[in-house]
Amino acid sequence: MKRTKKEVVKKDVEGDFSEEQKTDFNAIEKKWQAEWEKNKAFVADDKAKEKFYCLEMFPYPSASYLHMGHVRNYSIGDTIARFKRMNGFSVLYPMGFDAFGLPAENAAIKAKIHPAEYTKNAIENIKRLMKDLGLSYDWDRELATCYPDYYKWNQWLFLQMLKKGIAYRKKAPVNWCEKCNTVLANEEVIDGKCWRCESETTIKQLDQWFLKITEYADELLKGLDKIEWPSKVKEMQRNWIGKSEGTKVIFKLDNSDKTVEVFTTRPDTLFGVMFLVAAVQSPLVAELVKGTKAEKGYLKLLKSTSVAQKLEVDKEKGGFFTGKYAIHPLTGGQIPIYASNFVIADYGTGVVMAVPAHDQRDFEFAKKYKIPIKLVIQPDDRKIDVLKMKEAYDGLGILVNSAPFNDLNSEEAKEHITKSLEDKKVGGFSTEYKIRDWLISRQRYWGTPIPIIYCEKCGAVPVPEKNLPVELPVDVKFTGKGNPLLTNEKFVNVKCPKCSGKGKRETDTIGGFFDSSWYYLRYCDNQNKKEIFDKKKVAHWMPVDQYIGGVEHAVLHLLYARFFTKFMRDLKLLEIDEPFSKLFNQGIVHKDGERMSKSHGNTITAEEISKKYGIDTARLFLSFVAGPDKDIDWDDKGIEGAFRMVNRFMRMFDKIGGRSDEIMDHKINKLLKTMGHSYDHFEFNKGIIEFMDMVNYLSEKDQIPKEILERLVLMISPIMPHVCEEMWHKLGKKSLIVSEKWPAIDEKKINDKIEQQEKAISNTLSDIQNILRIIKEKTNNEGEKIFLYVIPPELKNYDTEKLGKKLSKEVKVFAVNDKAKYDPQNKAGKAKPGKPAIYIE
RNA sequence: GCAGGGAUGCCGGAGCGGUCAAACGGGGCAGACUCAAAAUCUGCUGGCUUAGUGCCUUCACAGGUUCGAUUCCUGUUCCCUGCACCA
């Protein structure tokens, strides 16, 4: 590969380099990219009946280059889009930019470039790089979320949500990232850390805007059954939504009118409740301990619990007695109320009933604080003695010490006890979810302004729809402290839309995941100035037939987008209720054991690879090396193998000629079938393996039939679009290969017997070669001639000429019709086709 | 702890119950072509070997089904991913 300029020149002068002329892949790429653009080859046709919407998660425009990870991701979608086009679908394959977000703003603070400027440059840059890759996007449909013609509709949607009560404002403990200087949604906190900068988050009490995603919790759960997504992602969403069915129990506080509600999935253990435990952070505890002896312990525990709760798992379970009691709803007994850090504040009611005999945590807590234990469930297969218990028994069984429910089994008891609570109006059946409402406020500049004005008299007033968009002012100061929007007084100080009195604009912006929750709809009608989109156009294209993106969005973007779809369906904007019928999670490209990325400093850019081998080689390699769902390691040598293959493939031109035979027909049809299947099932590697096999097989031939080559070029074109376009035209075609049809498969010609025969023949031939070698070795003769006369049954119908070529130079094959008449001196005269014999000199 | 996915030769990775010592690619070795490289091509690349369409041991480990298992079933170990004090 490496050749100094001097050497090249020398070779060129000498002239023996001419036939090895290197193909200029970059020139081919440029040529066909221009041609595709000129012919609007990828513009999605709204009218056509059979539609296919192929979509990749749109990128955040920051990097100044694309690395092999990007190349792989985008190539996967591009391959599918091209394959579907060939199969007669009208394909919508758009690209846009998720352009609002922190990096642009941080860059602004650091490098003194305005985020708008920074983003605009980044978009232009990435777009150019994407075009260099020859990705078949319909660029007419491009969008970027940071432009008013897009975020206007964010604001409009927000107002609709406000009207329907889906958007609301409340003061609540929220996750705060010190480094990013903003609040975060629950979904954006991973293991107590900020999803973006990975610094630890803290809890703050703030007045913020939320979206009531919980209202759709059940539907979001059920909808998962309808879609073809990786089971992993579905499971993650199920876990996140976290539905559990159980019973609500209301405890009255002793010496008070107040009540405490708890949620349990084990109402059958209700008679075993020995105490209640409230989360330290819950307001109830603050209230109970106010001005009592317990207050000191409370403050101490609260302090150590202020960080995100998920980190507490390994921490010791601390707690204290509040000094107050509740009354058991069925027995009327006194139940002490404790506070502890092992109860999750925002799940259920933040208070749990503790049954030490039948829950391990409660058991440990009871032991620690010397609380008595009462057994109320006996297992079916043995008898438990309370005094000897070393751990809780959390299985089901028969009720004891629970009159009047004794002798019922757990399942019956759950039912009866809950009904009894219902009758007494102290509880009932209840369903709890883990999912929380979605916090969308962000204390940052580079995002969609929330269309709200706070009026001294009228409170929070929505900006009237006709005044949208509320444009993000350009003129702000980036100090690195506080929200830059506060520095623009014109923006902040406005009149109240209702009373025209003094008002202040909301300066929080909407978090970026709001923008990306509906962008796939805007692609269907991205130029619309009058409405968010034309319902008919969206109805035509949606749902997305194939969505492609990273698994890291499993409970972020992918959940939000489903929520938005359901909300917009309720607004009667959509007819569907699931946005993405199929989802594919691509694998990650690693190098030196780490994900290829700027921060790891291990990137191989598309540009450098493209210069060296051409982009199609990179695509072939990335598609070949493993299935698209697998993580792969970048291999500098590996791509050379793909490069050799591309060159060998192109060299097949030198041998065009002849006609296809049975075996070739069989092979090409079978291959066509495999390739089609491999595109449809995201198993590109398997198709390519067989494809390479075919190329190798044909390379051994003296002549390669044109129609075979044509089909070969067609079938690999989704992987190697530029090279194939070039070859297609070299084959004398006038049309663009991108608008060609996928070749028909002739099932009749697929005949595995033929292949078996071929294999048998090739075995026989190698046998003959072996025999030949042995004879040579054994006889060690130079001058004498040895004649061997063989008619192996496999070769009965084999073309004599071909046989000769298959064998070595020393072997000559002649057709004779009868052994007896064979005359070595006069071979030609007696030879007749159809019955070969092998003659060895 | 729970759920999901894996484990194939030096590496990546095909293997739809026999045609499997295991495709294809990389790497390694040897050879051809070259003054020499590069490129290209050929052969070899588990062990034994009298060199044979031969024998032996292999597809995480242990069993089972079968005339026959890399492929099917059961258990075990290890790896990855997600969830996890959810009451």
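To find a chain, count down the sequence lines: A is the first, B the second, and so on, and within it residues start at 1. Quantities reported herein were computed from a predicted structural model and do not represent experimental measurements. Side chains are part of it too, since the values below use all heavy atoms of this structure and drop only hydrogens, waters and symmetry mates.
- To the nearest whole angstrom, the two P atoms, one in B:rC61 and one in B:rG9, are 10 Å apart.
- Both cation-pi conditions hold for A:Lys667 and A:Tyr697: the charged atom is under 6.0 angstrom from the six-membered ring centre and inside a 45 degree cone around its axis.
- A:Gly348 comes within 4.0 angstrom of nothing in the nucleic acid, heavy atoms only.
- With both ends at atom C1', the span from B:rG43 to B:rC59 equals 26 Å, rounded to whole Å.
- A side-chain donor from one of A:His600 and A:Ser597 sits under 3.5 Å from a side-chain acceptor of the other.
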Measure all distances between protein nitrogen or oxygen atoms and nitrogen or oxygen atoms of nucleotides 4-12 of chain B, and list the pairs falling under 3.5 Å.
from: B:rG12; atom 1: O2'; to: A:Val625; atom 2: O; distance (Å): 3.3

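- Considering only heavy atoms from C-beta on, A:Ser340 stays 4.5 Å or farther from A:Phe320 through its side chain.
- For the residue pair A:Trp229/A:Gln237, the side-chain donor-acceptor check at 3.5 Å is not satisfied.
- For the C1' atom pair drawn from B:rC10 and B:rA62, the interatomic distance equals 28 Å after rounding to whole Å.
- At least one donor-acceptor pair under 3.5 Å links the side chain of A:Lys655 to the backbone N or O of A:Ser699.
- A salt bridge does not link A:Lys637 with A:Asp635: every distance from a Lys NZ or Arg NE/NH1/NH2 to an Asp or Glu carboxylate oxygen is 4.0 Å or more.
- Distance noted for atom C1' between B:rC33 and B:rC16: 43 Å (whole Å).
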